[in-house]
> 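Input: one structure, supplied below.
What you see is a predicted model, and the numbers here were worked out from it, not measured in a lab.
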Amino acid sequence: MDMSKLAKGPVDPSIAANMSAFAPPTGAFAPPLPPHPLGTSSLLVLQPFSTCQRVKQLDLLATKWLSARKLAEMVETEGLVYKKGKFSATEERQVREAIESHKTANNLSDAQLHEIIFPKDEKNKDAEFWTRITQAVPPRPIVAVYHFVRRKYHPLGQKGAWKAAEDAALKQAIADLGQAWEKVSARVGRMASDCRDRYRNHLVDRDTRSTGAWSKEEEDELTRIVTDMTIKQGRDIDNDVFWSRVSQLMGGRRGRQQCRIKWTDSLSKLVKNDGTKPRWSPTDAFILIHKIDSLKVNDDTEIDWKLLPDPDWNLWSAHTLQRRWLTMKRGIKGYEEMTHQDIVDILRVKKSLAPESASSALDSSKPPTKERRKRKITSAGEVPEEMTKSAPTVEDSDPE
DNA sequence: CCTAGCGGTAAGGGTAATAAGGATGA
DNA sequence: ATCATCCTTATTACCCTTACCGCTAG
């Protein structure tokens, strides 16, 4: 019946148009409208644009400092395609190489390179530089590359755990200077963004903050706050939560990260599953792999995890799915050297071999201890067919 | 003198790595 | 009962995007 969803899953646009599109207020768990008139991204693969158009777009991305709004607008109006999200290892390497070659080509010292990336003097700005590096990682917009490089090449980066003395220095600096992070950074000896992070994630509310396991009261409170903020406002319970605000509403007793993780990894699936906790099963693994396979991406950094859950299989948050994928992937020996498709192929075989539990879950004859089995039937029901159906490889690849 | 847009800084939104405790099943 | 293994929960450094706005080139 709803096999179609399983097989097709979201048409992944991740490369292109996955603007974080505040989901239009759908009902509680109503099927999210495809964020896109399902053309643009898959079309890209097929052959939507002339190469000439592509070149123009890439040039635009590498030379113009387009604002987020403008970017989103162009995705809609003229099918602009650009990449968002974490930089892959490959991209990082491409950036490094581009910078190296720029350095040698212009015979720059380390200090000179530093001056280009962090110019102290107006006169040393070099717009050419950012364009050149951006061209090494299409289709990224220049501003994304700019921020990426400024973080990666910052001399104060990557300093590990904070020491008590640093916390004290940070507190004092903020007391003296306010939230002027660049100035604070100079005093503390950490990147501005790291100072800001340390402050908002750990120092603010430090005396009221509690850690460790959550009490029932706290869990109920968080659930109430989140549902008030989302469902009751007609917003999306998975994507429209403002975690800093939630933390405030929790009276500062839990930080924004604590609240977010608690919700997405634990409480949300409980709410979606009538108050009982589902447990990750081989069937779930099976579904996940097939969904990922159907995306036909080149690399898992292109996956937009937010688009994976669907109404018939929505117990698992995007975050959970992403992590489950990672652990499955790492369970394969030598996965580092493999292509994404290799890994998917291996997992598809590997995870279809554990059908015992899946099929026994179907057997109502011996109801296994917990009721949580009950819910599995919904998704497990279609698995055996899907499995025997086989030929999972290509099938739908090109719609007309 | 005006103004478009560059690019530096802050704010907002999110994940990866890790550890430790809890189920599960041979 | 035991132990390996997988799963869940919690922590925190680190990461990416967007908003904002002063400045300057044209």
> Counting side-chain heavy atoms from CB outward, which of C/dC15, C/dT18, C/dT9 is closest to A/Ala68?
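Ranking C/dC15, C/dT18, C/dT9 by closest atom to the A/Ala68 side chain puts C/dT18 first.
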
> Touch check for A/Trp162, heavy atoms < 4.0 angstrom, all strands: base, sugar-phosphate only, or nothing?
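The residue A/Trp162 makes sugar-phosphate contact but no base contact.
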
> From the options C/dC16, B/dG14, C/dT9, select the nucleotide whose nearest atom is closest to the side chain of A/Lys269.
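Minimum distance to the A/Lys269 side chain belongs to C/dT9.
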
> Taking the side chain of A/Arg256 as heavy atoms from C-beta outward, which of C/dC14, B/dG8, B/dG14 is closest to it?
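Among the listed nucleotides, the one closest to the side chain of A/Arg256 is B/dG14.
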
> Taking only the side-chain nitrogens and oxygens of A/Ser244, find out if one of them lies under 4.0 Å from OP1 or OP2 of B/dG12.
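No, because none of the side-chain N or O atoms of A/Ser244 sits under 4.0 Å from OP1 or OP2 of B/dG12.
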
> When we call it a touch if two heavy atoms are under 4.0 Å apart, what does A/Lys152 touch: a base, just sugar-phosphate, or nothing?
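Result for A/Lys152 = sugar-phosphate.
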
> B/dG12 base to A/Arg196 side chain: any donor-acceptor pair below 3.5 Å?
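Checked by distance alone, the answer is yes.
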
> Give a yes/no on whether any side-chain N or O of A/Lys306 is located under 4.0 angstrom from OP1 or OP2 of B/dG14.
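So the side-chain polar atoms of A/Lys306 do come within 4.0 Å of the phosphate oxygens OP1 or OP2 of B/dG14, strictly under.
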
> Going by an N to O cut-off under 4.0 Å, is there a salt bridge joining A/Asp220 and A/Lys216?
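Yes, A/Asp220 and A/Lys216 are salt-bridged.
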
> Could you give the CD-to-P distance, from A/Glu182 to B/dG7, as a whole number of Å?
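Those two atoms, CD and P, are 17 Å apart.
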
> Is there a side-chain contact between A/Gln258 and the phosphate of C/dA10, meaning an N or O under 4.0 Å from OP1 or OP2?
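No, outside the criterion.
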
> Classify the nucleic acid contact of A/Arg323 as base, sugar-phosphate or nothing, counting any heavy atom under 4.0 Å across all strands shown.
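Touches a base.
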
> Which part of the nucleic acid does A/Arg209 contact within heavy-atom distance under 4.0 Å: base, sugar-phosphate only, or nothing?
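Nothing: the residue A/Arg209, judged by heavy atoms under 4.0 Å, touches no strand.
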
> Mind checking A/Asp265 for me? I need base, sugar-phosphate or nothing, with any heavy atom below 4.0 Å counting as a touch.
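Answer is sugar-phosphate: A/Asp265 comes under 4.0 Å of backbone atoms only.
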
> Does C/dT12 have OP1 or OP2 sitting under 4.0 Å from an N or O in the side chain of A/Arg198?
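For C/dT12, OP1/OP2 do not have a side-chain N/O of A/Arg198 under 4.0 Å.
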
> Select one nucleotide: of C/dC16, C/dT11, B/dG14, the one nearest the side-chain heavy atoms of A/Ile261.
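Comparing C/dC16, C/dT11, B/dG14 against the side chain of A/Ile261, the answer is C/dT11.
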
> Any side-chain heavy atom of A/Met229 sitting closer than 4.5 Å to one from A/Phe242?
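A side-chain contact exists here, since the closest heavy-atom pair is under 4.5 Å.
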
> How many Å lie between CG on A/Leu61 and C1' on B/dG5, as a whole number?
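Going from CG in A/Leu61 over to C1' in B/dG5 covers 16 Å.
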
> So for A/Arg245 and B/dG12, does any side-chain atom that can act as donor or acceptor lie under 3.5 Å from a complementary atom in the base?
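It does not, because no donor-acceptor pair links the side chain of A/Arg245 to the base of B/dG12 below 3.5 Å.
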
> Taking only side-chain nitrogens and oxygens of A/Lys277, does any of them come within less than 4.0 Å of OP1 or OP2 of B/dA23?
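False: A/Lys277 side-chain N/O out of range (4.0 Å or more) of B/dA23 OP1/OP2.
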
> How many Å lie between CZ on A/Phe87 and P on C/dC15, as a whole number?
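That distance rounds to 12 Å.
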
> Report the distance from atom CZ of A/Arg190 to atom P of C/dC14, rounded to the nearest whole Å.
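That distance rounds to 6 Å.
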
> Just the rounded figure in Å: distance from P of B/dA11 to CD1 of A/Ile174.
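Going from A/Ile174 (CD1) to B/dA11 (P), I get 11 Å.
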
> When you measure from the centre of the six-membered ring of A/Trp162, is the NZ or CZ of A/Arg190 under 6.0 Å away and within 45° of the axis?
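Judged by the rule, A/Arg190 and A/Trp162 form a cation-pi pair.
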
> List in chain and number order the residues that pass ring pair (Phe, Tyr, Trp, His ring centres under 6.0 Å) with A/Tyr335, two or more places apart in sequence or in another chain; answer none if no residue qualifies.
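Counting only residues at least two positions away or on another chain, A/Tyr335 forms no ring pair (Phe, Tyr, Trp, His ring centres under 6.0 Å).
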
> Hey, does A/Tyr146 reach any base, or is it just sugar-phosphate, or nothing, if we go heavy atoms under 4.0 Å?
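If one applies the 4.0 Å heavy-atom cut-off, A/Tyr146 turns out to touch a base.
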
> For A/Leu222 and C/dT9, give me the distance from atom CG to atom P, rounded to whole Å.
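About 13 Å, once rounded to whole Å.
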
> Does C/dC15 have its OP1 or OP2 closer than 4.0 Å to a side-chain nitrogen or oxygen of A/Gln158?
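Answer yes for this pair, as a side-chain N or O of A/Gln158 is under 4.0 Å from OP1 or OP2.
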
> Please confirm whether the shortest side-chain N or O distance from A/Lys262 to OP1 or OP2 of C/dA10 is below 4.0 Å.
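Answer yes for this pair, as a side-chain N or O of A/Lys262 is under 4.0 Å from OP1 or OP2.
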
> With distance as the sole criterion, do the side chain of A/His147 and the base of C/dT18 form a donor-acceptor contact below 3.5 Å?
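Between C/dT18 and A/His147, which were checked side chain against base, a qualifying N/O pair under 3.5 Å is present.
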
> Touch check for A/Gly85, heavy atoms < 4.0 angstrom, all strands: base, sugar-phosphate only, or nothing?
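The residue A/Gly85 makes sugar-phosphate contact but no base contact.
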
> Given the side-chain rings of A/Tyr153 and A/His114, with only the six-membered ring counted for Trp, is the space between their centroids under 6.0 Å?
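Ring centres of A/His114 and A/Tyr153 not closer than 6.0 Å.
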
> In whole Å, I'd like the distance from the NZ atom of A/Lys350 to the P atom of C/dC6.
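After rounding, the gap between these two atoms is 8 Å.
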
> Does the cation-pi check pass for A/Arg324 over A/Trp316, that is, NZ or CZ under 6.0 Å from the six-membered ring centre and within 45° of its axis?
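Pair A/Arg324/A/Trp316 does not count as cation-pi.
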
> Could you check how far NZ of A/Lys120 sits from C1' of B/dG8, rounded to whole Å?
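So the NZ-C1' distance, A/Lys120 to B/dG8, works out to 14 Å.
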
> Does A/Arg69 have a side-chain nitrogen or oxygen under 4.0 Å from the phosphate oxygens OP1 or OP2 of C/dT18?
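So the side-chain polar atoms of A/Arg69 never come under 4.0 Å of the phosphate oxygens OP1 or OP2 of C/dT18.
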
> Looking at the rings of A/His340 and A/Trp325, which for Trp means the six-membered one, are their centres under 6.0 Å apart?
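Yes: the rings meet the under 6.0 Å criterion.
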
> Would you mind telling me which of C/dC6, B/dG14, B/dG13 lies closest to the side-chain atoms of A/Arg279?
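Given the options C/dC6, B/dG14, B/dG13, the side chain of A/Arg279 is closest to C/dC6.
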
> Does OP1 or OP2 of C/dT8 have a side-chain N or O of A/Arg324 closer than 4.0 Å?
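It does, given that an N or O in the side chain of A/Arg324 lies less than 4.0 Å from OP1 or OP2 of C/dT8.
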
> Counting side-chain heavy atoms from CB outward, which of B/dA10, B/dG14, B/dG7 is closest to A/Trp65?
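Of all the options, the side chain of A/Trp65 is nearest to B/dG7.
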
> For a quick check of understanding: with a heavy-atom distance under 4.0 Å over all strands, which category does A/Ser67 fall into, base, sugar-phosphate or nothing?
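Here A/Ser67 touches no strand at all.
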
> What nucleotide, of B/dA16, C/dT17, C/dA10, holds the atom closest to the side chain of A/Arg140?
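Among the listed nucleotides, the one closest to the side chain of A/Arg140 is C/dT17.
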
> Counting only side-chain heavy atoms from C-beta out, which of C/dC15, C/dT17, B/dA11 sits nearest to A/Gln179?
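The nucleotide sitting nearest to the side chain is B/dA11.
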
> When you measure from the side chain of A/Lys84, which nucleotide among C/dT17, B/dA16, B/dG13 comes out closest?
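Of the options given, the side chain of A/Lys84 lies nearest C/dT17.
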
> Quick one: is B/dG8 close enough that its OP1 or OP2 comes under 4.0 Å of any side-chain N or O from A/Trp181?
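Looking at the OP1 and OP2 atoms of B/dG8, neither is under 4.0 Å from any side-chain N or O of A/Trp181.
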
> Nearest 0.5 Å please: distance from the CD1 atom of A/Ile117 over to the CG atom of A/Asn124.
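Reported value, rounded in 0.5 Å steps: 13.0 Å.
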
> Which of these nucleotides, B/dA23, C/dT18, B/dG7, is closest to any side-chain atom of A/Lys125?
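Out of B/dA23, C/dT18, B/dG7, the nucleotide with an atom closest to A/Lys125's side chain is B/dG7.
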
